[in-house]
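Remarks on the structure that follows.
Convention: sequence-line order gives letters A, B, ...; per-chain numbering from 1. Reckoned from all heavy atoms, side chains included, excluding hydrogens, waters and symmetry mates.
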There are 2 protein chains.
Amino acid sequence: MNTTGVLSSPARRQALADSYQAPELPPPAPELLRLLDLPANLPETLSIAEVAAVTGLTAHTLRYYERIGLVEVARDESGYRVYDREALARIVFVTRLRLSDMPISTITHYINLVNQGEQTAPERLLVMQEHRAMIRRRLREMSAALALTEYKIATYGGHCTP
Amino acid sequence: MNTTGVLSSPARRQALADSYQAPELPPPAPELLRLLDLPANLPETLSIAEVAAVTGLTAHTLRYYERIGLVEVARDESGYRVYDREALARIVFVTRLRLSDMPISTITHYINLVNQGEQTAPERLLVMQEHRAMIRRRLREMSAALALTEYKIATYGGHCTP
DNA sequence: AGTTGCGTTCGAGCGCGCTCTAACCTTTAC
DNA sequence: GTAAAGGTTAGAGCGCGCTCGAACGCAACT
């Protein structure tokens, strides 16, 4: 039973699904890109299906993220998850880091530092600086691979010699 | 017994290892970057350890790549692998594609097309065009993640809200 | 001749990041 | 009332890309 009046009604679910496009699974990256600028007209709290709809993650993955301690999610009287703005922000943050291939272990470490308070700021800075170096390296590698791919396309098939 | 005179002597192995830096495993990406411009003074044929030294892959991985059909490698009289220039080029090519996160199944498919001859050029082109689109998407995602990381660094730690 | 080290094959194992199943409960629609 | 749709947990399973172990062979050095 829902006495708070904030849980998802079918109409609301439908509206959310419509306004953010139902996630079609084969190409997952486009809807993940939406994360980089989330719509501002979101309700105060969201159900797990709604978070899944706006983030492009599956409900399974959201439960998994909670299980491994990446986010804490409140429950209603029936035990259903209730994602508030903070929880959603955390999910979005984690998803962005995942998009740049930060290992979950590193994200967990970083979030543990955050939970420990402000005195861990220097170590957090270090984590992010290392991550920046990794991203830059990967950007270089991907750019080189893009050049190779462009070359292959330009030569229309070509052979297996680089 | 080695009657060809091309197999690795300890001195040659040493020289190769010296001239290309022994691979130190914790950060694997730097030596993989070397692949993007291989040194030109390579011998005609290489042993598996030598290929490992110049590519940064492990001998285990090289055997694995051969096992799954990504490359064919000749043997000497004792059954040892002998990598000629063509095999090395293939390994380098595969490694570049892997660096851009092309799945091994796609690489296998592409290489099968190459082995089937010139009439598969159109399909190969398609494969590469799709791969290019994937690389471009990933470059955008990584750039966005870089921006987030720079922001975190600029605000020195910050919170878990993006 | 013996030791050391690089090579071979086959097959199992592993770490990561999900992904799914089973069994069960709550809410909503008809 | 009943069925459908969505939620819960705990735990197993999976696909990928290696990675490693075992048992053995060959080669070079001393």
[X] side, atom [atom1]; [Y] side, atom [atom2] - distance, nearest 0.5 Å:
X: B:Glu72; Y: B:Glu66; atom1: CD; atom2: CD; answer: 8.0 Å
X: A:Ile91; Y: A:Leu57; atom1: CD1; atom2: CG; answer: 7.0 Å
X: B:Tyr110; Y: B:Leu97; atom1: OH; atom2: CG; answer: 8.0 Å
X: B:Met142; Y: A:Leu139; atom1: CE; atom2: CG; answer: 5.5 Å

| said: I'd like to know if the side chain of B:His131 pairs up with that of B:Thr106 as donor and acceptor (distance under 3.5 Å, no hydrogens or angles considered). | reply: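 No - no donor-acceptor pair under 3.5 Å links their side chains.
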| query | Looking only at side chains, do A:Thr61 and A:Thr58 share a donor and an acceptor under 3.5 Å apart? | reply | yes
| Rest of the hydrophobic cluster containing B:Met134 (Ile/Leu/Val/Met/Phe/Trp/Tyr, side-chain heavy atoms under 4.5 Å)? |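 None; B:Met134 is a cluster of one.
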Over how many whole Å does the gap from [X] atom [atom1] to [N] atom [atom2] extend?
X: B:Tyr65; N: C:dT9; atom1: OH; atom2: P; value: 18 Å
X: A:Ile68; N: D:dG11; atom1: CD1; atom2: P; value: 17 Å
X: A:Leu57; N: C:dC18; atom1: CG; atom2: C1'; value: 11 Å
X: A:Glu77; N: D:dT8; atom1: CD; atom2: C1'; value: 15 Å
X: B:Asp101; N: C:dG17; atom1: CG; atom2: P; value: 13 Å
X: A:Leu97; N: C:dG17; atom1: CG; atom2: P; value: 12 Å
X: B:Asp76; N: C:dC6; atom1: CG; atom2: C1'; value: 12 Å
X: A:Arg63; N: D:dA12; atom1: CZ; atom2: P; value: 18 Å

| Does B:Thr120 reach the main-chain N or O of B:Gln116 with its side chain, forming a donor-acceptor pair under 3.5 Å? |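 Looks like no, no N/O pair under 3.5 Å.
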| query | Going 5' to 3' along nucleotides 11-16 of chain C, which nucleotides have protein heavy atoms under 4.0 Å from the base (write B), which only from the sugar-phosphate (write S), and which from neither (write -)? | reply | B-----
| said: Once salt bridge (charged side-chain N to carboxylate O under 4.0 Å, His left out) is applied, do any residues pair with B:Glu130, and if so which ones, sequence neighbours excluded? | reply: none
| request: List for me each residue that meets salt bridge (charged side-chain N to carboxylate O under 4.0 Å, His left out) alongside B:Arg132, sequence neighbours excluded, and say none if there are none. | output: A:Glu150
Identify all pairs in which a protein N or O lies below 3.5 Å from an N or O of nucleotides 1-3 of chain C, and state each distance.
none

Under-4.0 Å side-chain N/O to phosphate OP1/OP2 contact, [X] with [N]:
X: A:Arg81; N: C:dT26; value: no
X: A:Ser78; N: C:dC25; value: no
X: B:Tyr80; N: D:dG25; value: no
X: A:Tyr64; N: C:dC20; value: no

Collect all protein-nucleotide pairs involving nucleotides 21-24 of chain D in which both atoms are nitrogen or oxygen and the distance is under 3.5 Å.
none

| query | What's the verdict on side-chain contact (heavy atoms from CB on, under 4.5 Å) for B:Met102 and B:Arg96, showing C-alpha distance, side-chain angles and the deciding distance? | reply | CA-CA 9 Å; B:Met102 182 183 279; B:Arg96 288 190 192 183; over 6 Å; no
| request: Run the salt-bridge test on B:Asp84 and B:Arg90 with the 4.0 Å N-O cut-off and return the result as yes or no. | output: no
| said: Heavy atoms from C-beta onward define the side chain here; which of D:dT9, C:dC18, C:dT8 lies closest to that of A:Arg75? | reply: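 My answer, after comparing the listed nucleotides, is D:dT9.
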